[in-house]
Amino acid sequence: MTTEQRIVEPRLLRGFRDYLPAQMNARQKMIATIRQVYERYGFLPLDTPAQEYRVTLMGYGEENTKQIFGFINPEEEDVALRFDLTVPLARVVAQYPDLPLPFRRYQVAPVWRADKPDPGRFREFLQFDLDSVGVSSNAADVEILCGMYDTLRALGIEHFKVRFSDRKVLNSLLDFAGIPREMAHGVFRVLDKLEKVGLENISAELTTGRTDVSGDKIPGLGLSAAAVDRIKEFLAMPRGKRKDVLADMSKLFARVPSAVEAVTELQFMCDALDSLAIPDEQVALDLSIARGLDYYTGPVFEAILTDAPEFGSVFGGGRYDGLVERFLGRKIPAVGASIGVDRLFAAMQKLGLVHLVPSTAQVLVTVMEPARMHDYLKLARMLRAEGINTELYLGEESGLGKQLQYANRLQIPVAIILGSDEFAANEVTVKDLLLGASLQDRKKNAKGKERDEYLVLSRKAQVKVAASECLACVREILSRPRPA
RNA sequence: GCUGGCGUAGCUCAGUUGGUUAGAGCACCAGAUUGUGGAUCUGGGGGUCGUAGGUUCAAAUCCUACCGCCAGUACCA
């Protein structure tokens, strides 16, 4: 190696992202909103480590290692980064038998998946889960659905759709169509693509296969025409109100014994949602949804933003009555759902639903006389003690214009100006930067009546008050109504 | 993973059949204005042309490989 300096290129790993302050402010607000809803339902906080033993995450005999970030640790143990929060929850429930059941917890934490990044799909992303463990009643499922509905509304999203179904419906469909249960996984995977590729492509994939637009061959599942006809019959049922969908289904599956359970469960949930006046438009019974995870055993849920369907499911979950069994040897029922915070955030950003604020400060104390820095420090401390977020300008350059420009860029609403004049008179100048900014444009054209108005406003935009009045003046400006 | 497209300034892009010293807009910095944000004007800094190799008198331009991004598709416990 030579002594020449080698610059390290600053760059990110594929699928990983930085969140700069403006985005972080918005993201943290979003997280706080979600947490508030979950706590309103009485869910309890939990955290677990990012790393687990690989076998904890994957169980025995499962081969799918593609999506997992795994490695060997210094103790030569086979470990991995968690890929969701549900499996660690199951581990916790099994590991702490003293936890009172039902255990209802929320958890917000990053998870990692090593698959190909897509819009709103990252390799490291934040999940925000809520789960009820130890409840077999479908009341728990209804509460999860309500929680999803309330959360999306609390986030200010108007156009969303929560859809739910039941794994048992699809199992009954297999019976109805005379398809062996072993093919369930393959069939569900194809059905899941209905909205994306359409009915014709689906029936091709179920039978002989097809060639997609890129020229790739997709092998068929080899189902009989009769079976596919039955599936089509199922898919052709009209969408609409929950109770109508349910009625159609029980009619179609009248001769399928296994369907009784699914009908009972969904009946309970639909009745409950009706009695809670949760609108059909936003929480719909949609029998075609499958969801990828194998561990779901009952009701399944997912939510999309109807204005950004390309982001896919932003909030999904279901009942997984068999998962805790992996660690305990006996079944403990559980149901939950998970928000993909980063995916939802990306979708909301695209829809313009995210309000980016670059600063946390409400007031910038500018520095005119660096020699009197102690006075500036004191002023900032006083404001902070009063609960006002205050930044003291610490930049090297001292021009006032510079400092105001800084405040402007960070959208800090108030500046305090304190120079030799003010010191001499024991005063401070307090400036309303938002009002001031709106005057900047008017200044040059102002004339006549407009000019009078301008003069009135400019007197409000910047006032000189006795030092003892500084706090009251800042508070008055911060309380002024602002256009959203 | 597969197929295709694209990589030129912080950002968006132009750059002729290969031909002098690679350009523009926006952004940034400074000054006009040494105590006031915007606009304007003037000036300024910024580029291994994704990386490495090859063809050529000559490569941002052509060829090969790799990396990255985008789209589609597959996979998604």
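Order of the sequence lines sets the chain letters (A, B, ...), proteins ahead of strands, with each chain counted from 1.
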Give a yes or no on whether a salt bridge exists between [X] and [Y], defined as a side-chain N under 4.0 angstrom from a carboxylate O.
| X | Y | result |
| --- | --- | --- |
| Arg319(A) | Asp141(A) | yes |
| Asp78(A) | Arg54(A) | yes |
| Arg475(A) | Glu386(A) | yes |
| Asp342(A) | Arg27(A) | yes |

Quick check for you: among [options], whose closest atom lies nearest to any side-chain atom of [X]?
| X | options | result |
| --- | --- | --- |
| Arg189(A) | C29(B), A77(B), C75(B) | C75(B) |
| Ile417(A) | U36(B), A30(B), A74(B) | U36(B) |
| Lys431(A) | G35(B), G37(B), A77(B) | G37(B) |
| Ser420(A) | C29(B), G35(B), G37(B) | G35(B) |
| Arg409(A) | G35(B), C29(B), C2(B) | C29(B) |
| Arg14(A) | A77(B), G35(B), C69(B) | C69(B) |
| Phe83(A) | A77(B), G35(B), A74(B) | A77(B) |

Ignoring hydrogens and angles, does a donor from either the side chain of [X] or the base of [N] sit under 3.5 Å from an acceptor on the other?
| X | N | value |
| --- | --- | --- |
| Gln405(A) | U36(B) | no |
| Lys116(A) | G72(B) | yes |
| Gln403(A) | G35(B) | no |

* Answer with base, sugar-phosphate or nothing: what part of the nucleic acid does Gln411(A) contact at a heavy-atom distance below 4.0 Å? => nothing
Paired nucleotide for [N] [Watson-Crick or G-U wobble; both distances under 3.5 Å]:
| N | value |
| --- | --- |
| U73(B) | G1(B) |
| U16(B) | none |
| U56(B) | none |
| C49(B) | none |
| G37(B) | none |
| A27(B) | none |

Mind checking the [atom1] distance from [N] to [M]? Whole angstroms is fine.
| N | M | atom1 | answer |
| --- | --- | --- | --- |
| C67(B) | U51(B) | P | 15 Å |
| U8(B) | U16(B) | P | 16 Å |
| C6(B) | U12(B) | C1' | 15 Å |
| C13(B) | G47(B) | C1' | 15 Å |
| C2(B) | G10(B) | C1' | 35 Å |
| G46(B) | C28(B) | C1' | 9 Å |
| G5(B) | U55(B) | C1' | 25 Å |
| U48(B) | A58(B) | P | 23 Å |

Atom [atom1] of [X] to atom [atom2] of [N]: distance rounded to whole Å?
| X | N | atom1 | atom2 | answer |
| --- | --- | --- | --- | --- |
| Arg17(A) | C69(B) | CZ | P | 13 Å |
| Lys402(A) | G37(B) | NZ | P | 12 Å |
| Leu404(A) | G38(B) | CG | C1' | 12 Å |
| Arg459(A) | U36(B) | CZ | C1' | 18 Å |
| Asp432(A) | G37(B) | CG | C1' | 13 Å |
| Glu369(A) | G35(B) | CD | C1' | 10 Å |
| Arg326(A) | A77(B) | CZ | P | 13 Å |
| Leu221(A) | C75(B) | CG | P | 10 Å |

* Test log, rule side-chain contact (heavy atoms from CB on, under 4.5 Å), inputs Leu85(A) and Arg105(A) -> CA-CA 11 Å; Leu85(A) 302 177; Arg105(A) 81 89 179 79; 3.9 Å; yes
* **Trace of the side-chain contact (heavy atoms from CB on, under 4.5 Å) decision for Val428(A) with Val465(A)** => CA-CA 6 Å; Val428(A) 296; Val465(A) 298; 3.8 Å; yes
* Output all residues satisfying side chain to side chain contact (heavy atoms under 4.5 Å, CB included) with Ser288(A), sequence neighbours left out; order by chain, then residue number. => Leu194(A), Leu235(A), Arg239(A), Asp286(A)
* Asked: RNA chain B: Asn408(A) or Leu13(A), which has the more 5' nearest nucleotide?
  -> Asn408(A)
* **Within 6.0 angstrom of Glu476(A) CD, more than 12 heavy atoms from elsewhere** => yes
